Amino acid sequence: MPIDMKDIVSLCKRRGFIFPASDIYGGLNGFWDYGPLGTELKNNLRDRWWKDMVTTPPIGPDGAPVQIVGLDSSIIQNPKTWVASGHVGGFSDPMVDCKETKKRYRQDHLVVLTAEKADRWPAFHEETEDDEILKRLKKLGMPSDLSLFEKTNLTKLPIEDYAKIIGPDVKEPGTLTEPKEFNLMFETYTGAIQSEDSKAYLRPETAQGIFLNFKNVLDSSRVKVPFGIAQIGKAFRNEVTPRNFIFRSREFEQMEMEWFCHGGEAKMWQDFWLEERANFWKAVGLSDGNIIIRGHDADELAHYAKEGLGTSDIEYKFPFTDPGYGELEGIAHRCDFDLKAHEEHSGQKLAYLDPSRDNERYIPHVIEPAAGLTRGVLALICEAYTVDENRPSGVYLNFTPAMAPKKAAILPLIGKDEHVPIATKLYLELREEFPVDLDIKQNIGKRYARQDEIGTPYCFTIDNDTIADGTVTVRERNTMAQERISLDKVAEYLREKMKV
RNA sequence: GCGGGCGUAGUUCAAUGGUAGAACACUAGCCUUCCAAGCUAGUUAUGCCGGUUCGAUCCCGGUCGCCCGCUCCA
């Protein structure tokens, strides 16, 4: 039975994983807030990534651990950053829409045949051949004589003239909308006075902050190429169409690592990181069958990856993409595009002097595993969501113990007996090490059901036997099976399970 | 951005041009020695703005949000 996203969205809200942002004002398209449990879940995924990248990075192909250092750069950088990176300019072209055909044109790609006396001015794509223009003039019942008209680029015409313009694919004038700016970057202003000079941008990717600090890290951290710089943080894109819950939102969180290496070794490192990253997603609980690795076709490559080895995605089969897949992480070969661009625009030397290669001086190539943290959270939730009509809750979240927001619940079997003090003591002890819940109210079945719904893997129940022989019941979420273990072994038991 | 659908409690759903109901959740109490989310009670809703009307949750317009398709997606 296919999972309905509606059920997941409502569970997320009902249990405090994810809320619509500014909910009491009716929400805001493309923004979401993480509730108490969603925050724990996101932090768990984030911390695991940081550990795998920075604290205990993998063993490299040569048998030695690779070197990766962390960074936390500013969300707002000098706006020249985004000129150099290609984000300003590339996607800020004004577009006009045709109200009739719903087609969209770049304003500067259209030329208009203007004439003082005419009240209908046909527009054409700038590359349209003259003989085709003549044909169309005939169809429109206009004199087929180009000398009567002047070719004017649409950008040169005032908006008042648009009423006279006949769009490239229609017969009547007045269907073109006024030009709209189409920039995916959020704009803001630094300082209290707003002007063009103080315009700045919220970063559309965390990567550039890493490139900006390449030299600083190199000069301060005793790293040698090949090495990596890792960063986790918010990024912002004014998506045309935010869709699919938190999958495409306008504010999201990335986990990016830029791996700097010699151009000749780029292929080896891209293969290496692709495998490492796929293993990561499996380790946090995504099943083999729901993950796919897909190479980008040439025509979908980003501007920075046009040359070189291209990009491979790690994709997940979300309920809303099924039977297809949605991107979770891209492992791109960014070549030396970014450092070179920043060298040109900043005038700073960013080449690396490599003593291990006879002091060869070169701009390192970059392999970039760039993952969506918030997309990862969604994948974890979708993967964990399990319908089970044989249990009171009807559904449970099958998180791995390591990812689960709550690792265990401590439940006194009877709420007002001497079970409560023992449970409280255990709770106080366990919470030093793990996020755990103490739940006293209502009968035991309700409490198990509640924990199932938020994906708590273990419940420890204190009963009369605990008083008699110092044992507690462990109830396992997926199987609902119970076993008894010694009260003083509970912490160790949990510690053991967290490793899985 | 376009087209279509939908907005009633925390969630899932009822109903009505004139007092808005239920289930579950939540809170309190009871009961309970392990799935009994059992019993009792209680809190909580017509997205927002405007129009028509004596009266609008219902009809109309706008707006915001969600879903589906297209478009877009550095």
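Because the structure is predicted, anything quoted here is derived from the model rather than measured. Chain A is the first sequence line, chain B the second, and so forth, proteins listed ahead of strands; every chain is numbered from 1.
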Short side-chain N/O contact to B/C66 OP1/OP2 from A/N29, under 4.0 Å: yes
Ion pair check, A/K406 and A/D437, cut-off under 4.0 Å: yes
Side-chain donor-acceptor pair present, A/E483, A/T473, cut-off under 3.5 Å: no
Pairwise 5' ranking along RNA chain B for A/G445 and A/G27, keeping only the more 5' one: A/G445
Touch class at under 4.0 angstrom, heavy-atom based, for A/F245 against every strand present: sugar-phosphate
Pair A/D388-A/T386, side-chain hydrogen bond (donor to acceptor under 3.5 Å, both in side chains): steps then yes or no: CA-CA 6 Å; A/D388 178 5; A/T386 311; over 6 Å; no
Sugar-phosphate, base or nothing in reach of A/N244, heavy atoms under 4.0 Å: sugar-phosphate
Touch class at under 4.0 angstrom, heavy-atom based, for A/S10 against every strand present: sugar-phosphate
Any A/R15 side-chain N or O less than 4.0 Å from OP1/OP2 of B/C26: yes
Side chains of A/D463 and A/H419, donor plus acceptor under 3.5 Å: no
Touch class at under 4.0 angstrom, heavy-atom based, for A/R475 against every strand present: base
Side-chain N,O (A/K6) to OP1/OP2 (B/U12) below 4.0 Å: no
Phosphate-side-chain proximity, A/K441 and B/G29, N/O vs OP1/OP2 below 4.0 Å: yes
